[in-house]
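First the structure, in the form of structure tokens, and then the observations on it.
In what follows, every heavy atom counts, from backbone to side chain, and hydrogens, waters and symmetry copies are set aside. For ligands, and for the atoms within them, numbers begin at 1 and follow the listed sequence.
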Amino acid sequence: MILIIDFGSQFNQLIARRVRECSVYCRIEPPSMSLDEIRSLSPQGIILSGGPSSIYEKNSPKIDTGIFKLGIPILGICYGMQFMMDALGGKVQKAKRREYGFAELSVKPRQGLFKGLPKTTPCWMSHGDSLATLPKGFVISASTENTRIAATANKRKAFYGFQFHPEVEHTPKGIAMIRNFLFEVCGCEKSWTMRSFAKNAIAEIESTVAGKRVILGLSGGVDSSVAAMLINKAIGKNLTCIFVDNGLLRKDESAQLKLRLKKHLNINIRFVNAKKRFLSALAKVTDPEKKRKIIGKIFMDVFEAEAKKIKDAEFLAQGTLYPDVIESQSVFGGPSSVIKSHHNVGGLPKKMKLKLIEPLKYLFKDEVRLLGKALGLDGDLVWRQPFPGPGLAIRIIGEITSRRLSILREVDSVLLEEIRAGGYYKKLWQSFAVLLPLKSVGIMGDHRTYENIVAIRAVTSKDAMTADWARLPHKLLGKISNRIINEVRGVNRVVYDISSKPPSTIEWE
Ligand code: XMP
């Protein structure tokens, strides 16, 4: 495995993803990790990430410099390189000119991490400090016009440093450099596949659970379905899943999910119909945070009541993914500010005195889909777009009534039909409709109409942390709009949301 030390770079997850794309397992850990903990992981290589700090700042993140004596190959990126150079006796200074964006990298000896690369190649820079002098034993291995020491190497010790970012797409040969580090320098093997992951995970779940009972909240989304399948393979009937219908699902979704989950997941599932409870608690509520809190609270109550019926349950399983784990252990102490109170079962384990199992907590979303495939999960479930826990409640701006729910369900159903028919469903991270609390004037068959407006949102994203609005063809957008206005009573205008995240978020509430 490769250990990535997180110095706070916004690109950390990208480093991890690049390593895993090379079929090598890696973990991101904070710099507070001790030498003993590092030794116990036996990493074959360490990558020190970039970060926003300058090594001369008082509170800049630091790791025990004993790592340079472990005999493990190390690659420092940007701040990571500056930290290594400073620790080993080099000198870092404020760059004369800050450098952001593209630069042409001239590679000196085309060996080591630059093996097989052209003499010059574009790279992506983002730094305010740069190296003035190198520690003993290091040579300059690449330069750009503005940065003399753009890359450095100490071949004997297998220490390498890049001032640029090899992990971003704007450094097109970056993946080749990372590959060289993994396979030529660290001697890694391509052993990280979802099959090998599943085998180990199943064995681990089996020994952790040791004959006790596990409960899991199944939402019908890919994460909880894959977690359920994995746990089921490990402990079979000792797993009980609970599916809560909150009345905020899409058209026919509850019935379809029931069928699909039963058919494809040969698992104990309890279906709980709590529609009335949710909808009456939400009556007249318009504030987005209030809606979220109400839904979260009722979900917990319903889930807890159902779970109590399962005798001897000791564990609660969750489909937590790696981005959430990284976020909560980041160098700067976890999520910076609460933008939205996400609906999850976070508070349940404590309240119910259950131990937590999170079998997907080291996986990225795309890996979860691959794992689902490897486990034989039905394609429809594997490729399902994410759907938020609070469901349509946060896509109806303003009051939630059964009439407004039914309008949005019809609109959403037309939209998804067209997105699928156009071949866009899998290409998009999410595509959905939002019902606005506004009406507008229209004309239909010589009559004046005064009806609802819906917004269409379609985004591309890798992990929902950032997202871009999808450039859907005008023809497809035209067809969607036309069908919605013609087929759904109560809507006379369709608009398309062209905002990216940040500064907008994916959902409207
Ligand atoms: P935002 O709107 O914050 O959404 O950009 C990011 C991703 O999270 C989903 N989302 C949720 N998922 N419970 C969930 O399980 C929630 O409360 C929730 N709110 C937003 C959203 O659909 C998007 O994929």
Pairing of [X] and [Y] as salt bridge, 4.0 angstrom limit:
X	Y	result
K258	D245	no
R384	D380	no
E451	R493	no
E314	R213	no
R457	E507	no

Per-atom contacts, ligand 1 versus [X] - under 4.0 Å to a heavy atom:
X	value
A464	6 (C), 7 (C)
W429	24 (O)
P390	13 (N), 16 (C), 17 (O)
R292	16 (C), 17 (O), 18 (C), 19 (N), 20 (C)
T505	1 (P), 2 (O), 5 (O)

(message) Please tell me whether Y425 and W383 form a close aromatic pair, meaning their ring centres lie under 6.0 Å apart.
(response) no
(message) Tell me whether I506 has any N or O atom under 3.5 angstrom from an N or O of ligand 1.
(response) yes
(message) Going by the closest heavy atom to atom 5 (O) of ligand 1, which one wins out of K501, R457, Q430?
(response) K501
